[in-house]
Amino acid sequence: MEHIADLDAIAATERFGHADPATVHDVLAEVGRFMAEVVAPTNRDGDTIGATWHDDGTVTLPDSFKPAYTKWVESGYGAMPFDPDYGGAGFPWITAIAVQEMLTSANMALSLCPLLTQGAIEAIHVHGSDAQKATYLPKMLTGEWTGTMNLTEPQAGSDVGAVSTKAQPRADGSWAISGQKIFITWGEHDVADNIVHLVLARTPGSPPGTRGISMFVVPKYLVGADGSLGDRNAATCVSIEHKLGIHGSPTCVMSYDDAIGWLVGGEHEGMRNMFTMMNNARLSVGLEGLCISERAFQQALQYAQEREQGRAVGAPAGTSSPIIDHPDVRRMLVTQRAWIDGMRALIYTNASALDRATAAKAAGDADEALRWQELADLLIPLSKGLCTDVGNEMTSLALQVHGGMGYVEETGAAQHYRDARIAAIYEGTNGIQAADLVSRKLGMRSGGVVTELLDEFGHRADSLDTDGGMGAFGERLRAAVADARAATEHLVRTAADDPRSLLSSSSPYLRLLGTTVCAGLLAKGALSVAAEDEFGVAKRASAKFFGEQILPTVAGLLPAITADAGALYELEPAQLATR
Ligand SMILES: Cc1cc2nc3c(=O)[nH]c(=O)nc-3n(C[C@H](O)[C@H](O)[C@H](O)COP(=O)(O)OP(=O)(O)OC[C@H]3O[C@@H](n4cnc5c(N)ncnc54)[C@H](O)[C@@H]3O)c2cc1C
C-alpha cells in the first residue's frame with residue numbers, strides 16, 4: 001500500500017536501498033528520545049536568556065546551548081543525508097527532515113544553526129571545488145563547524161540583486177571581501193570552533209542585478225592545508241538584533257573588511273548557486289511552521305484537559321468541566337491537529353519528491369528525475385508559504401486555548417507564537433514565495449505540473465466516495481480541485497498579458513492550491529491506513545475534518561484570484577489613509 005510520502009518506494013531505489021523503513025523507524029525513535037531529553041529542555045533558556053553580544057565582537061548563548069549542541073555533534077545526526085565520501089550516511093532527505101522536525105520542535109532557535117549549516121553544505125557540495133569540499137565538508141557534516149548564508153544588506157532584502165558587497169581579486173587566487181551584511185543567522189556564536197560564511201558579493205566590472213553576483217566562502221578562521229585552524233579572518237559581528245522571537249538564535253550584523261574568501265562555483269553564478277541552498281532552506285523553513293505548531297498544540301492539548309471552567313453541555317449539574325469539553329475549544333484543538341497533519345503531508349511529500357528525483361538521476365533515468373524535480377519545485381513555495389502562514393495561525397490558536405495564561409509568558413505558549421512569526425518573513429518572504437509560485441512554478445509545462453497533480457486528486461476524490469467512511473470529503477475535494485483548476489487555467493491564460501494581475505492573485509492562489517494539495521495528500525493517507533487500528537482511526541478522523549471543514553474555507557478565494565489588479569490600485573496611497 002502506498003503511504004503519503006512513500007518511504008517504501010524511496011527505499012526500493014538503488015540509491016537509497018540502505019534506508020529501509022524498519023531501520024529508519026529505529027533511528028527516528030532514538031532521535032526522538034535525544035531531542036526530548038537533550039534539546040527540548042534548552043528551549044526556555046533560549047527565549048529568556050537569548051544571545052548576548054559583547055564589545056569584542058563575540059556572541060555568547062545560554063549556558064545550556066553548548067552542551068546540547070556538542071551532544072548533537074557527537075550524535076552524528078546532522079550528517080545523515082549527506083555524501084558518505086565526506087562522512088555522511090547517504091540517507092534520503094526525508095529522513096533528515098524527520099530529524100529536523102524533532103530538533104525544531106525541541107528548540108527552533110537552536111535548530112537554525114544546523115539548518116543553515118545544512119544549506120551551506122549543500123551549496124559547497126554541489127558547486128564547490130574538490131579542494132573546498134575536502135577543506136570544509138567533513139567538519140561541517142559533523143557540525144564541528146557551522147555554516148551561514150549571507151545575502152541580506154540594508155538596501156538588498158527581497159531584492160537580492162541590489163547586493164553591493166565587493167570582492168577584489170588577490171594575487172594568490174583568493175578574494176578580498178568588503179561590505180556589510182545584516183540579519184545573518186548564527187553569524188557569530190560560541191557553540192562551535194569555526195563558522196563557514198557563504199557570502200554573495202560583486203567582482204569588479206560585474207553586470208548589475210542578480211547576473212553580477214558571485215558566491216564566496218569566507219571562514220571565520222582560515223584553514224591550513226592540514227585542516228588546522230589559522231588566523232582569524234576579518235569577518236566581524238558588529239551587533240545583534242533584538243527581536244520578537246527566536247531569541248536564542250543570534251541575528252548578526254556582519255562586517256567584512258578585506259576578509260579573505262574563495263569563489264564557490266563560477267564568477268557571476270552566485271545567485272544560481274545560492275538557490276541550491278535556498279531551496280533546501282525554504283523547505284526547512286516551511287518545516288518550522290509545522291514544528292512550532294506541533295509543539296504549541298501538544299501543550300495546548302494538555303492544558304485543555306487540565307483547566308476546568310464552566311459546565312459543558314451534558315455534564316452533571318454542579319460540576320465544572322475541563323475546557324476541552326467545550327465545543328469551541330474542541331474546534332480549536334481539532335483544527336490544529338488537522339492542519340498539523342496537512343502540513344506534515346505536504347512537507348514530507350516535498351522531501352520525498354526531492355529524494356525520488358535524486359534516486360532517478362542516480363539510476364540514469366533523466367525523464368523520471370525531471371518529473372520528480374518538477375513536483376518538488378512546485379511544492380517548495382507551497383511548503384514554505386503555506387506552512388509558515390498556517391504556523392502563525394496555529395500558534396495563535398494554541399495560545400487562545402490557554403486564555404489569559406497564554407498571553408502571559410509563564411506557560412510558554414506566547415514563546416511559540418512569537419517564535420513562529422519569523423518563518424513567514426525570512427528565506428524569501430511569503431509574498432516572494434507566492435510570486436515564485438505564479439511566475440516560475442505555474443509556468444512549468446504551461447501549468448501542466450499543477451494540473452497533473454490536480455488530476456490525481458480528482459481520482460482520489462472518487463476513491464473517497466467509495467471508501468464509505470469519509471463523509472463529504474470526496475465531494476469537497478472535487479469542488480476544491482475544480483476551483484484550483486479554474487484558478488490555474490485563468491492564471492496561465494493571463495500570465496503573459498497582465499503580469500500585475502498575476503502577482504495580485506499570487507497569495508490567494510498559494511493558499512487555495514496549498515490547502516487543496518494538503519487535502520489531496522491527506523486523502524491519500526486516509527485511504528492507505530487501516531480503518532480499524534488506533535493510528536488509522538486518528539488519521540482518518542483528522543483527514544475527514546480537514547476535507548469537510550477546513551478545505552471548503554478556500555472556496556471564497558477564487559474571486560480574488562480571477563479578478564484583475566484594478567481594485568488594489570483604485571485608491572492612491574494617500575487615499576488609503578482617507579477616513
Ligand atoms: C531573524 C531574521 C533572520 C534572518 N536570517 C537571514 C540570514 O541568515 N541570511 C540572510 O541573508 N538574510 C537573513 N534574513 C533576512 C531576510 O531574509 C529578509 O528580512 C527577507 O528576505 C525580507 O527582506 P527585507 O527584510 O529587506 O524586507 P523587504 O524586501 O523590504 O520586504 C518588505 C515587504 O515587501 C514585500 N516585497 C518586497 N519586494 C517584493 C516583491 N518584489 N514582490 C512582492 N512583495 C515584495 C515583502 O514580501 C515584505 O512584505 C533574516 C531576517 C530576520 C528578521
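Read the numbers this way: they start at 1 and go in the same order the structure lists the ligands and their atoms.
A salt bridge is defined here as a Lys NZ or Arg NE, NH1 or NH2 lying under 4.0 Å from an Asp or Glu carboxylate O, and K133 with E122 fails to meet this definition. A salt bridge links R232 with E188: at least one charged nitrogen is closer than 4.0 Å to a carboxylate oxygen. A salt bridge links E374 and R445; the closest N-O separation between the charged side-chain nitrogens and carboxylate oxygens is under 4.0 Å.
Within a 4.0 Å radius of atom 49 (O) of ligand 1, the protein has no heavy atom. When distances from atom 46 (C) of ligand 1 to the protein are checked, a heavy atom turns up under 4.0 Å. Distance check for atom 30 (O) of ligand 1: every protein heavy atom is found at 4.0 Å or beyond. Put simply, atom 37 (C) of ligand 1 has protein non-hydrogen atoms near it, under 4.0 Å away. Protein heavy atoms all stay at least 4.0 Å away from atom 33 (C) of ligand 1.
An N or O contact shorter than 3.5 Å links T429 to ligand 1 by distance. The shortest N or O to N or O distance between D159 and ligand 1 is not under 3.5 Å. Between G431 and ligand 1, no pair of N/O atoms sits closer than 3.5 Å. Checked by distance only, ligand 1 and N150 stay at 3.5 Å or farther apart across all their nitrogen or oxygen atoms.
Under the 4.5 Å side-chain criterion, counting only non-hydrogen atoms from C-beta, W262 is in contact with P219. By the 4.5 Å heavy-atom criterion applied to side chains, Q415 and N43 are counted as neighbours. At a threshold of 4.5 Å between non-hydrogen side-chain atoms, the residues W186 and L116 do not count as touching. Contact check for T488 versus Y509: side-chain heavy atoms found under the 4.5 Å cut-off.
For ligand 1, the atoms lying closer than 4.0 Å to a non-hydrogen atom of I422 are 1 (C), 2 (C), 52 (C), 53 (C). Each of the following atoms of ligand 1 lies closer than 4.0 Å to a heavy atom of T185: 3 (C), 4 (C), 5 (N), 6 (C), 7 (C), 8 (O). Heavy-atom contacts of M149 reach the following atoms of ligand 1: 7 (C), 8 (O), 9 (N), 10 (C), 11 (O) (cutoff under 4.0 Å). Proximity to I425 (heavy-atom distance under 4.0 Å) selects the following atoms of ligand 1: 20 (C).
When the options V285, T152, D436 are ranked by their closest heavy atom to atom 10 (C) of ligand 1, first place goes to T152. The residue from L503, L151, L116 that puts a heavy atom closest to atom 11 (O) of ligand 1 is L151. Nearest-residue assignment for atom 28 (P) of ligand 1 (options A281, S158, G157, A434; heavy-atom criterion): S158.
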For this session: Give the intermediate values and the outcome of side chain to side chain contact (heavy atoms under 4.5 Å, CB included) for residues Y426 and T152.
Result: CA-CA 10 Å; Y426 57 23; T152 308; over 6 Å; no
Problem set entry | R211/H268 under side chain to side chain contact (heavy atoms under 4.5 Å, CB included): CA gap, chis, key distance, verdict | CA-CA 6 Å; R211 286 180 305 123; H268 303 158; over 6 Å; no
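In this structure, E427 has a heavy atom closer than 4.0 Å to ligand 1.
Among the candidates L386, L382, L379, L283, the single residue satisfying the side-chain contact (heavy atoms from CB on, under 4.5 Å) test with I347 is L283.
Both the sub-6.0 Å distance and the 45° axial angle are satisfied by R500 relative to the ring of Y569.
Residue, atom and distance of the protein heavy atom nearest to atom 39 (C) of ligand 1 are I432 CD1, 3.7 Å. In terms of protein heavy atoms, atom 7 (C) of ligand 1 is closest to F183 O, 3.1 Å.
In this structure T42 satisfies the side chain to side chain contact (heavy atoms under 4.5 Å, CB included) test together with V39, S64, F65, A68, N107, L110, sequence neighbours excluded.
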